[in-house]
Amino acid sequence: MVYRRLGPWSLALIVLIGIGSSTSRASGINFTGNVETDFPKSDESTQIVPVNANPNDIGQSQWITDNKWVSGWSVKDIRFSWDQKNDVLYVGINNWANPNGVIAPFGQANGNPAGTPETYDPSHLGYGNANSDKSVAVMFSRTDPVNVDQPGSPVMIAGVPADKSKNGPGTDGFNISTVDTTRSDSGLGYMFGKSLMGTTSDSLTGNLAYDPSPAHPQLEFAIKNFSKVFDPTKPFWIEMYAGSGIDGVAGESHISYKVPRLAPQETPEPTTILAWALMSGGIAWRVRSKKRAKV
């Protein structure tokens, strides 16, 4: 067997390959209200959290199914992507399309693609309706310091509260807040606490991209300054709820999941990478020169 020697630039190439590529975004997302368009599987920065494997997993009234509709509470998956340059976490909640490929507005309990509001199914995720408990809530926790396969104490919750007195300043009452664990018996939608949203440059800020509608059916939002609260180079846990306890026509979506890190632990600058490559090439050249001198 013949072992080929590596030339200096071959060694340099190995150094470059070994560094690996970043899993954070190179730029922001221009939201369209279509999660699979905005967070494509082909984009290595996209982290996908599966929720319901089948559109009917949450259960819905038979007349909805007979209409070939799928409830707007039936979530297929949640998608995350972090823009490292601008420190923005992008989140998309991908509710299922109906058999005709049409997506009902997120939160449209009866799945009507036209988004027609009903007394039991108000529009705007119940915003302005004190009797509505429509909610979408994504709770973020760090990993448990003792058991990394379990979530630690919750840090913050983002979305639209079920308790409308906890609405934030964003579209449809979107809020980012502390987590009120004393209300855990009522469910995740009721666990919004003190708002964390501020106005300074280093404050947490965010909003829904759109009020879900037939034109922009899926729920998407952004959280600015995410790394001020979470380290994107480490995994974290999310718990998600989407639904209403009183609409009476469809179930709700739930998930608890460990999200892999959103960025590599170290991303060397291009000049640093080039320096490593040149240094590796120089080392290899000197090794070969010494061997030749001994011959």
Parallel, tilted or perpendicular, as decided by the 30° and 60° cut-offs, for the rings of Trp69 and Trp63: perpendicular

Nearest atoms (heavy-atom pairs only) where Asn98 meets Pro113: ND2-CG, 3.8 Å

Nearest heavy-atom neighbours spanning Pro99 and Val70: CD-CG2, 4.3 Å

Main-chain N/O of Thr116 paired with Gln108 side-chain donor or acceptor, under 3.5 Å: yes

Side-chain (Thr46) to main-chain (Pro40) donor-acceptor, under 3.5 angstrom: yes

Flag, side chain of Glu220 to backbone of Gly92, donor-acceptor distance under 3.5 Å: no

Mutual orientation of the aromatic rings belonging to Tyr90 and Phe31 [parallel < 30°, tilted 30-60°, perpendicular > 60°]: perpendicular

Salt bridge present between Arg183 and Asp163 (N-O < 4.0 angstrom): yes

Aromatic ring pairing Trp73/Phe106, orientation class (parallel under 30°, perpendicular over 60°, tilted between): perpendicular

Backbone of Pro161 reached by a side-chain donor or acceptor of Lys164 within 3.5 Å: yes

Flag, side chain of Asn34 to backbone of Thr37, donor-acceptor distance under 3.5 Å: yes

Closest approach of Gly28 to Asp83 (non-hydrogen atoms, all atoms of both residues): N-OD2, 3.6 Å

Ala97 versus Ile103, closest heavy-atom pair with distance: CB-CG1, 3.7 Å

Gly59 backbone acceptor or donor facing Asn56 side chain under 3.5 Å: no

Minimum heavy-atom distance between Phe226 and Pro232, given as atom pair plus value: CD2-CG, 4.4 Å

Whether Ser253 side chain and Val75 backbone form a donor-acceptor pair below 3.5 Å: yes

Sidechain-backbone polar pair: Asn175 side chain, Lys166 backbone, donor-acceptor under 3.5 Å: yes

Asp121/Lys134 ion pair, N-O < 4.0 Å: yes

Donor-acceptor side-chain pairing of Asp38 and Thr32 below 3.5 angstrom: yes

Polar contact flag, side-chain donor to acceptor under 3.5 angstrom, Ser71-Ser74: no

No-hydrogen, no-angle side-chain donor-acceptor test under 3.5 Å, Asn94 and Asp77: yes

Whether Asp43 side chain and Ser45 backbone form a donor-acceptor pair below 3.5 Å: yes

Contact summary for Glu252 and Ser244, nearest pair of heavy atoms: OE2-O, 2.7 Å

